[in-house]
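One structure is given below, encoded as structure tokens.
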Amino acid sequence: MTNLRVGHGYDVHRLVPGQRLILGGVEIPWEKGLLGHSDADVLVHAVMDALAGAARLGDIGKLFPDTDPAYKGISSLELLGEVGRLLGEKGFAVVNIDAALLAQAPKVAPYKAQMAENMAAALGIEPEQVNVKATTEEGLGFTGDGSGMAAHAVVLVEKMEESI
């Protein structure tokens, strides 16, 4: 059995007026925000799903159901920390995270380093282990027309020797 596992995560949320826009744990000033049960941080949700998948923990819907009032408005970074704790319990350590935000606007380049730092801190890893990138979809689809945002994440985790 190999000690390395890859996980992929994907998430999508609708953009609506009157909501805060939280991405990678950073509040970004903008005219719209993401709609969801928690803070709707689409980037962190994709990362959580990727980590959960790599460690066979299920997905964030199983771990943090949107029917549970305990998660209403909760910071996704707090939930990411819980996923990290669960990974540790199963003997896994994060090797690296590569996350991509798909959004026409706003521009997030000034915030990417802070997003990586926030996610790393929640997981107790180094910021160098987290890469955040963003792309538009050239005006195509729901991310291109500004009605929503999506994110993908790919992670590599390693099962620690003493846990095998």
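V44 and I28 end up in the same hydrophobic cluster when Ile, Leu, Val, Met, Phe, Trp and Tyr side chains are linked at under 4.5 Å. Cluster membership for I125 and L79, using ILVMFWY side-chain heavy atoms within less than 4.5 angstrom, is shared. Neither I22 nor V130 shares a network with the other; the hydrophobic side chains, linked directly or stepwise wherever heavy atoms of I, L, V, M, F, W or Y lie under 4.5 Å apart, form separate groups for each. Cluster annotation: F92 and L86 are assigned to the same hydrophobic cluster (Ile/Leu/Val/Met/Phe/Trp/Tyr, side-chain heavy-atom contacts under 4.5 Å, transitive).
Shown here are the side chain to side chain donor-acceptor pair (under 3.5 Å) partners of H8, two or more places apart in sequence or in another chain: H152. Taking D145 as the reference, S147 meet the side chain to side chain donor-acceptor pair (under 3.5 Å) condition, with sequence neighbours excluded. Every side chain to side chain contact (heavy atoms under 4.5 Å, CB included) that T135 has, sequence neighbours left out, goes to L102. Listed by chain and residue number, E27 satisfy the side chain to side chain donor-acceptor pair (under 3.5 Å) test with R20 (two or more places apart in sequence, or in another chain).
A pairwise comparison of heavy atoms in F64 and M48 identifies CE1-SD, 4.2 Å as the closest pair. Of all the heavy atoms in Q104 and K107, the pair that sits closest is O-NZ, 4.5 Å. Nearest heavy-atom pair across M119 and L43 is CE-CD2, 4.0 Å. Taking every heavy atom of both residues into account, D68 and H37 meet most closely at O-NE2, 2.9 Å. Among all heavy-atom pairs drawn from L80 and A122, the shortest one is CD2-CB, 4.0 Å. Nearest heavy-atom pair across A151 and V42 is CB-O, 3.6 Å.
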message = Run the side chain to side chain contact (heavy atoms under 4.5 Å, CB included) test on L51 and L123 for me, step by step, so that the C-alpha distance in whole Å, both residues' side-chain angles and the decisive distance to 0.1 Å come before the verdict.
response = CA-CA 11 Å; L51 291 168; L123 291 166; 3.9 Å; yes
ask   = What do the steps show when you test L63 against E82 for side chain to side chain contact (heavy atoms under 4.5 Å, CB included), and what is the final call?
value = CA-CA 9 Å; L63 295 172; E82 177 63 11; over 6 Å; no
inquiry  = side chain to side chain contact (heavy atoms under 4.5 Å, CB included) for L15 and L34? Distances and angles first, verdict last.
reply    = CA-CA 5 Å; L15 279 164; L34 295 167; 3.6 Å; yes
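Atom-to-atom distance recorded for L23:CG and Y111:OH is 10.0 Å, nearest 0.5 angstrom. Atom CD1 of I60 and atom OG of S76 lie 7.5 Å apart (nearest 0.5 Å). Rounded to the nearest 0.5 Å, atoms OG1 (T143) and CD (E138) are 10.5 Å apart. Distance check, rounded to the nearest 0.5 Å: CG of D39 to CD1 of I74 gives 8.5 Å. Atom CE of M115 sits about 11.0 Å away from atom CG of L77, to the nearest 0.5 Å. Note that the CD atom of E117 and the CD atom of E128 stand 8.5 Å from one another [nearest 0.5 Å].
Through direct or indirect side-chain contacts shorter than 4.5 Å among Ile, Leu, Val, Met, Phe, Trp and Tyr, V6 is connected to L4, V95, V154, L156. Other residues sharing a hydrophobic cluster with L35 under the 4.5 Å side-chain heavy-atom criterion for ILVMFWY residues are V16.
Between the side chain of Q129 and the backbone N or O of V94, at least one donor-acceptor pair lies under 3.5 Å. Between the side chain of D41 and the backbone N or O of G25 there is at least one donor-acceptor pair closer than 3.5 Å.
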